[in-house]
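Only one structure is covered here, and it is reproduced in the block below.
Below, read A as the first sequence line, B as the second, and so on, with proteins coming before strands; counting in each chain starts at 1. Fair warning: this is a prediction, and the values are worked out from it, not measured in the lab.
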Protein chains: 2
Amino acid sequence: MSDTQDVLFRTLADPTRRALFERLCREGEKTVGALTARAGVSQPVVSKHLGILKQAGLVRDRHEGRQTHYSAQLGALAPLVDWTSEMAGFWQNRFDQLEDLLKRMDQ
Amino acid sequence: MSDTQDVLFRTLADPTRRALFERLCREGEKTVGALTARAGVSQPVVSKHLGILKQAGLVRDRHEGRQTHYSAQLGALAPLVDWTSEMAGFWQNRFDQLEDLLKRMDQ
DNA sequence: TCAATCCATAGCCAACGGGGTATGGATTGT
DNA sequence: ACAATCCATACCCCGTTGGCTATGGATTGA
(Lines give C-alpha, C1' and ligand atoms only; values in the text may rest on other atoms or scores of the structure.)
Protein backbone atom coordinates (compact mmCIF):
# COMPACT_ATOMS: atom_id res chain seq x y z
CA MET A 1 0.00 0.00 0.00
CA SER A 2 2.92 2.28 0.77
CA ASP A 3 3.54 4.81 -1.97
CA THR A 4 7.32 4.65 -1.72
CA GLN A 5 7.25 1.06 -2.95
CA ASP A 6 5.26 2.13 -5.95
CA VAL A 7 7.81 4.84 -6.75
CA LEU A 8 10.67 2.39 -6.41
CA PHE A 9 9.15 -0.25 -8.65
CA ARG A 10 8.13 2.26 -11.29
CA THR A 11 11.53 3.92 -11.20
CA LEU A 12 13.49 0.67 -11.50
CA ALA A 13 11.18 -0.77 -14.16
CA ASP A 14 12.97 1.09 -16.94
CA PRO A 15 16.10 -0.73 -18.20
CA THR A 16 18.05 2.42 -19.00
CA ARG A 17 17.36 3.84 -15.57
CA ARG A 18 18.18 0.58 -13.82
CA ALA A 19 21.43 0.35 -15.80
CA LEU A 20 22.41 3.83 -14.65
CA PHE A 21 21.68 2.95 -11.05
CA GLU A 22 23.63 -0.30 -11.39
CA ARG A 23 26.66 1.53 -12.76
CA LEU A 24 26.55 3.96 -9.87
CA CYS A 25 26.39 1.01 -7.47
CA ARG A 26 29.25 -0.82 -9.17
CA GLU A 27 31.56 2.02 -9.99
CA GLY A 28 30.66 4.68 -7.48
CA GLU A 29 30.26 8.39 -8.14
CA LYS A 30 30.14 9.45 -11.79
CA THR A 31 29.54 12.65 -13.71
CA VAL A 32 26.69 13.00 -16.17
CA GLY A 33 29.19 13.03 -19.02
CA ALA A 34 30.83 9.81 -17.90
CA LEU A 35 27.46 8.14 -17.55
CA THR A 36 26.31 9.39 -20.93
CA ALA A 37 29.42 8.04 -22.64
CA ARG A 38 28.30 4.44 -22.21
CA ALA A 39 24.58 4.79 -21.66
CA GLY A 40 23.54 4.32 -25.28
CA VAL A 41 21.21 7.30 -25.11
CA SER A 42 21.64 11.05 -25.44
CA GLN A 43 22.78 13.31 -22.64
CA PRO A 44 19.38 14.94 -22.04
CA VAL A 45 17.86 11.50 -21.64
CA VAL A 46 20.50 10.57 -19.09
CA SER A 47 19.84 13.80 -17.20
CA LYS A 48 16.13 13.11 -17.18
CA HIS A 49 16.60 9.58 -15.86
CA LEU A 50 19.00 10.80 -13.20
CA GLY A 51 16.38 13.33 -12.16
CA ILE A 52 13.81 10.58 -11.79
CA LEU A 53 16.26 8.42 -9.84
CA LYS A 54 17.02 11.40 -7.60
CA GLN A 55 13.33 12.07 -7.03
CA ALA A 56 12.95 8.42 -5.99
CA GLY A 57 15.78 8.87 -3.50
CA LEU A 58 17.95 6.31 -5.27
CA VAL A 59 20.76 8.75 -6.10
CA ARG A 60 22.35 11.92 -4.74
CA ASP A 61 23.86 14.70 -6.80
CA ARG A 62 26.82 16.87 -5.95
CA HIS A 63 27.65 19.97 -7.97
CA GLU A 64 31.28 20.75 -8.63
CA GLY A 65 31.93 23.55 -11.04
CA ARG A 66 30.06 22.94 -14.22
CA GLN A 67 29.71 19.21 -13.74
CA THR A 68 27.33 17.24 -11.58
CA HIS A 69 28.41 14.08 -9.80
CA TYR A 70 25.84 11.42 -9.05
CA SER A 71 26.13 8.56 -6.59
CA ALA A 72 23.85 5.71 -5.51
CA GLN A 73 21.89 5.92 -2.28
CA LEU A 74 21.62 2.28 -1.42
CA GLY A 75 19.46 2.84 1.65
CA ALA A 76 16.62 3.79 -0.65
CA LEU A 77 16.28 0.12 -1.60
CA ALA A 78 15.06 -0.73 1.90
CA PRO A 79 11.32 -0.51 1.10
CA LEU A 80 11.88 -2.95 -1.75
CA VAL A 81 13.59 -5.42 0.57
CA ASP A 82 10.80 -4.92 3.10
CA TRP A 83 8.19 -5.65 0.47
CA THR A 84 9.78 -8.91 -0.64
CA SER A 85 10.24 -9.94 3.00
CA GLU A 86 6.60 -9.16 3.65
CA MET A 87 5.48 -11.27 0.71
CA ALA A 88 7.72 -14.10 1.84
CA GLY A 89 6.32 -13.70 5.34
CA PHE A 90 2.75 -14.07 4.17
CA TRP A 91 3.73 -17.19 2.34
CA GLN A 92 5.44 -18.54 5.45
CA ASN A 93 2.35 -17.81 7.53
CA ARG A 94 0.14 -19.68 5.13
CA PHE A 95 2.61 -22.51 5.17
CA ASP A 96 2.50 -22.57 8.95
CA GLN A 97 -1.28 -22.56 8.85
CA LEU A 98 -1.17 -25.51 6.52
CA GLU A 99 1.17 -27.30 8.86
CA ASP A 100 -1.19 -26.65 11.76
CA LEU A 101 -4.11 -27.89 9.75
CA LEU A 102 -2.28 -31.07 8.86
CA LYS A 103 -1.35 -31.59 12.50
CA ARG A 104 -4.94 -31.16 13.60
CA MET A 105 -6.10 -33.51 10.88
CA ASP A 106 -3.52 -35.99 12.06
CA GLN A 107 -4.97 -36.14 15.53
CA MET B 1 21.73 -7.61 -17.43
CA SER B 2 19.62 -10.69 -16.84
CA ASP B 3 16.32 -10.49 -18.63
CA THR B 4 14.32 -12.15 -15.87
CA GLN B 5 15.01 -9.19 -13.62
CA ASP B 6 13.69 -6.88 -16.27
CA VAL B 7 10.51 -8.92 -16.56
CA LEU B 8 10.03 -8.93 -12.80
CA PHE B 9 10.50 -5.20 -12.39
CA ARG B 10 8.25 -4.37 -15.31
CA THR B 11 5.60 -6.80 -14.11
CA LEU B 12 5.56 -5.52 -10.55
CA ALA B 13 5.71 -1.88 -11.57
CA ASP B 14 1.97 -1.71 -12.15
CA PRO B 15 -0.02 -1.07 -8.92
CA THR B 16 -3.04 -3.13 -9.97
CA ARG B 17 -0.86 -6.09 -10.84
CA ARG B 18 1.17 -5.78 -7.65
CA ALA B 19 -2.04 -5.60 -5.65
CA LEU B 20 -3.26 -8.82 -7.25
CA PHE B 21 0.01 -10.55 -6.46
CA GLU B 22 -0.08 -9.26 -2.89
CA ARG B 23 -3.59 -10.60 -2.37
CA LEU B 24 -2.53 -13.99 -3.65
CA CYS B 25 0.42 -13.92 -1.25
CA ARG B 26 -1.73 -12.85 1.70
CA GLU B 27 -4.86 -14.87 1.11
CA GLY B 28 -3.66 -17.79 -0.95
CA GLU B 29 -5.38 -19.29 -3.96
CA LYS B 30 -8.24 -17.27 -5.45
CA THR B 31 -10.51 -17.50 -8.46
CA VAL B 32 -10.62 -14.78 -11.07
CA GLY B 33 -14.10 -13.83 -9.90
CA ALA B 34 -13.00 -13.46 -6.29
CA LEU B 35 -10.04 -11.35 -7.34
CA THR B 36 -12.18 -9.20 -9.63
CA ALA B 37 -14.68 -8.51 -6.84
CA ARG B 38 -12.23 -6.26 -4.98
CA ALA B 39 -9.77 -5.32 -7.68
CA GLY B 40 -11.42 -2.08 -8.69
CA VAL B 41 -11.11 -2.93 -12.36
CA SER B 42 -13.12 -5.04 -14.79
CA GLN B 43 -12.81 -8.80 -15.13
CA PRO B 44 -11.03 -8.74 -18.50
CA VAL B 45 -8.44 -6.40 -17.05
CA VAL B 46 -7.91 -8.76 -14.12
CA SER B 47 -7.53 -11.66 -16.51
CA LYS B 48 -5.00 -9.76 -18.56
CA HIS B 49 -2.95 -8.85 -15.49
CA LEU B 50 -3.05 -12.43 -14.26
CA GLY B 51 -1.80 -13.53 -17.66
CA ILE B 52 1.14 -11.16 -17.40
CA LEU B 53 1.87 -12.30 -13.85
CA LYS B 54 1.75 -15.89 -15.04
CA GLN B 55 4.09 -15.16 -17.93
CA ALA B 56 6.51 -13.65 -15.43
CA GLY B 57 6.31 -16.83 -13.37
CA LEU B 58 4.84 -15.01 -10.39
CA VAL B 59 1.59 -16.99 -10.33
CA ARG B 60 0.25 -20.42 -11.25
CA ASP B 61 -3.18 -21.21 -12.57
CA ARG B 62 -5.28 -24.28 -11.92
CA HIS B 63 -8.42 -24.98 -13.93
CA GLU B 64 -11.38 -26.47 -12.13
CA GLY B 65 -14.58 -26.63 -14.07
CA ARG B 66 -15.36 -23.26 -15.51
CA GLN B 67 -13.31 -21.32 -13.02
CA THR B 68 -9.57 -20.72 -12.84
CA HIS B 69 -7.73 -20.63 -9.55
CA TYR B 70 -4.57 -18.54 -9.29
CA SER B 71 -1.90 -18.78 -6.61
CA ALA B 72 1.37 -16.95 -5.96
CA GLN B 73 4.68 -18.51 -6.89
CA LEU B 74 6.93 -16.91 -4.35
CA GLY B 75 10.10 -18.49 -5.67
CA ALA B 76 9.84 -16.24 -8.69
CA LEU B 77 10.90 -13.33 -6.50
CA ALA B 78 14.38 -14.79 -6.10
CA PRO B 79 15.98 -12.83 -8.97
CA LEU B 80 14.69 -9.64 -7.38
CA VAL B 81 16.25 -10.54 -4.06
CA ASP B 82 19.46 -11.47 -5.86
CA TRP B 83 19.53 -8.13 -7.62
CA THR B 84 19.16 -6.11 -4.42
CA SER B 85 21.79 -8.27 -2.75
CA GLU B 86 24.10 -7.71 -5.67
CA MET B 87 23.64 -3.95 -5.50
CA ALA B 88 24.26 -4.03 -1.76
CA GLY B 89 27.32 -6.16 -2.40
CA PHE B 90 28.81 -3.66 -4.79
CA TRP B 91 28.26 -0.97 -2.25
CA GLN B 92 29.93 -3.08 0.41
CA ASN B 93 32.91 -3.74 -1.85
CA ARG B 94 33.39 -0.07 -2.50
CA PHE B 95 33.11 0.58 1.22
CA ASP B 96 35.76 -2.05 1.88
CA GLN B 97 37.99 -0.49 -0.76
CA LEU B 98 37.56 2.86 0.95
CA GLU B 99 38.49 1.28 4.26
CA ASP B 100 41.59 -0.24 2.71
CA LEU B 101 42.54 3.08 1.20
CA LEU B 102 42.15 4.83 4.53
CA LYS B 103 44.24 2.15 6.22
CA ARG B 104 46.99 2.52 3.67
CA MET B 105 46.88 6.27 4.02
CA ASP B 106 47.16 5.86 7.77
CA GLN B 107 50.42 4.02 7.53
C1' DT C 1 35.90 39.17 -23.41
C1' DC C 2 34.89 35.30 -26.22
C1' DA C 3 34.69 30.42 -27.12
C1' DA C 4 33.96 26.03 -25.44
C1' DT C 5 32.29 22.64 -22.26
C1' DC C 6 28.87 20.63 -19.05
C1' DC C 7 24.43 19.99 -17.80
C1' DA C 8 19.29 20.86 -17.34
C1' DT C 9 15.00 22.21 -19.35
C1' DA C 10 11.53 22.63 -22.98
C1' DG C 11 9.06 20.92 -26.68
C1' DC C 12 7.89 17.30 -29.74
C1' DC C 13 6.74 12.63 -31.39
C1' DA C 14 6.02 7.67 -31.54
C1' DA C 15 5.34 3.62 -28.97
C1' DC C 16 3.76 1.18 -25.13
C1' DG C 17 0.44 0.01 -21.84
C1' DG C 18 -3.55 -0.07 -18.93
C1' DG C 19 -8.31 0.86 -19.03
C1' DG C 20 -12.85 -0.11 -21.09
C1' DT C 21 -16.71 -2.87 -23.93
C1' DA C 22 -18.02 -6.65 -26.85
C1' DT C 23 -17.91 -11.32 -27.67
C1' DG C 24 -17.34 -16.28 -27.61
C1' DG C 25 -15.94 -20.84 -25.72
C1' DA C 26 -16.51 -23.88 -21.92
C1' DT C 27 -18.92 -25.51 -18.13
C1' DT C 28 -22.74 -25.92 -14.88
C1' DG C 29 -27.56 -25.81 -13.56
C1' DT C 30 -32.53 -26.25 -14.73
C1' DA D 1 -31.90 -28.43 -24.75
C1' DC D 2 -31.49 -23.93 -22.93
C1' DA D 3 -30.03 -20.38 -19.86
C1' DA D 4 -26.69 -18.73 -16.98
C1' DT D 5 -22.13 -18.33 -15.15
C1' DC D 6 -17.05 -18.02 -15.49
C1' DC D 7 -13.24 -16.73 -17.85
C1' DA D 8 -10.22 -15.39 -21.88
C1' DT D 9 -9.53 -13.02 -26.13
C1' DA D 10 -10.09 -9.24 -29.46
C1' DC D 11 -10.42 -4.61 -30.31
C1' DC D 12 -10.22 0.22 -29.43
C1' DC D 13 -8.99 4.45 -26.90
C1' DC D 14 -6.21 7.56 -24.54
C1' DG D 15 -2.79 8.85 -21.12
C1' DT D 16 1.95 8.01 -20.00
C1' DT D 17 6.55 7.87 -21.10
C1' DG D 18 10.99 7.23 -23.13
C1' DG D 19 13.47 8.79 -26.93
C1' DC D 20 15.10 12.77 -29.77
C1' DT D 21 16.67 17.83 -31.01
C1' DA D 22 17.05 22.54 -29.77
C1' DT D 23 18.27 25.74 -26.54
C1' DG D 24 20.07 28.28 -22.67
C1' DG D 25 22.39 29.02 -18.12
C1' DA D 26 26.59 28.32 -15.75
C1' DT D 27 31.31 27.59 -15.53
C1' DT D 28 35.99 27.13 -17.30
C1' DG D 29 39.77 28.14 -20.53
C1' DA D 30 42.08 31.07 -23.84
Select base, sugar-phosphate, or nothing to describe what [X] touches, counting heavy atoms under 4.0 Å on all strands.
| X | result |
| --- | --- |
| A/V32 | sugar-phosphate |
| B/T36 | nothing |
| A/Q67 | sugar-phosphate |
| B/T68 | sugar-phosphate |

What is the distance, rounded to the nearest whole Å, between atom [atom1] of [X] and atom [atom2] of [N]?
| X | N | atom1 | atom2 | answer |
| --- | --- | --- | --- | --- |
| A/R66 | C/dC6 | CZ | C1' | 6 Å |
| B/Q55 | C/dG18 | CD | P | 13 Å |
| A/H63 | C/dT5 | NE2 | P | 22 Å |
| B/H69 | D/dC6 | NE2 | P | 12 Å |
| B/E64 | D/dC7 | CD | C1' | 14 Å |
| A/F9 | C/dG18 | CZ | P | 15 Å |
| B/L35 | D/dC7 | CG | P | 9 Å |
| A/K54 | C/dC7 | NZ | P | 14 Å |

Counting just side-chain N and O atoms, does [X] come under 4.0 Å of either OP1 or OP2 of [N]?
| X | N | result |
| --- | --- | --- |
| A/H49 | D/dG19 | yes |
| A/T31 | C/dC6 | no |
| A/Y70 | C/dA8 | yes |

By nearest heavy atom, map A/G65 and A/R10 onto DNA chain D; which one lands nearer the 5' end?
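Checking each residue's closest nucleotide, the 5'-ward one belongs to A/R10.
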Passing option when B/E29 is tested against B/R60, B/R62, B/R23 for salt bridge (charged side-chain N to carboxylate O under 4.0 Å, His left out):
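The residue from B/R60, B/R62, B/R23 that satisfies salt bridge (charged side-chain N to carboxylate O under 4.0 Å, His left out) with B/E29 turns out to be B/R62.
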Could you please name the option among [options] that lies closest to any side-chain atom of [X]?
| X | options | value |
| --- | --- | --- |
| B/Q43 | C/dG18, D/dG19, D/dA8 | D/dA8 |
| B/S42 | C/dT21, D/dC6, D/dC20 | C/dT21 |
| B/V45 | D/dG19, C/dG20, D/dT17 | C/dG20 |
| A/V41 | C/dG20, D/dG19, D/dA8 | D/dG19 |
| B/K48 | D/dT9, D/dC6, C/dG19 | C/dG19 |
| B/S47 | C/dC7, D/dT9, C/dG18 | D/dT9 |
| A/I52 | C/dG19, D/dG18, C/dC6 | D/dG18 |
| A/P44 | C/dC7, D/dC7, D/dA22 | D/dA22 |

With the side chain counted from C-beta on, respond yes when A/M87 and B/L74 share a heavy-atom pair under 4.5 Å apart, and no when they do not.
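Counting from C-beta outward, A/M87 and B/L74 do come under 4.5 Å.
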Between [Y] and [X], is the closest basic N to carboxylate O distance under 4.0 Å?
| X | Y | result |
| --- | --- | --- |
| A/E22 | A/R17 | no |
| B/D6 | B/R10 | yes |
| B/E27 | B/R38 | no |

Quick check for you: to the nearest 0.5 Å, what is the distance between A/F21 atom CZ and A/Y70 atom OH?
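One gets 14.5 Å once the value is rounded to the nearest 0.5 Å.
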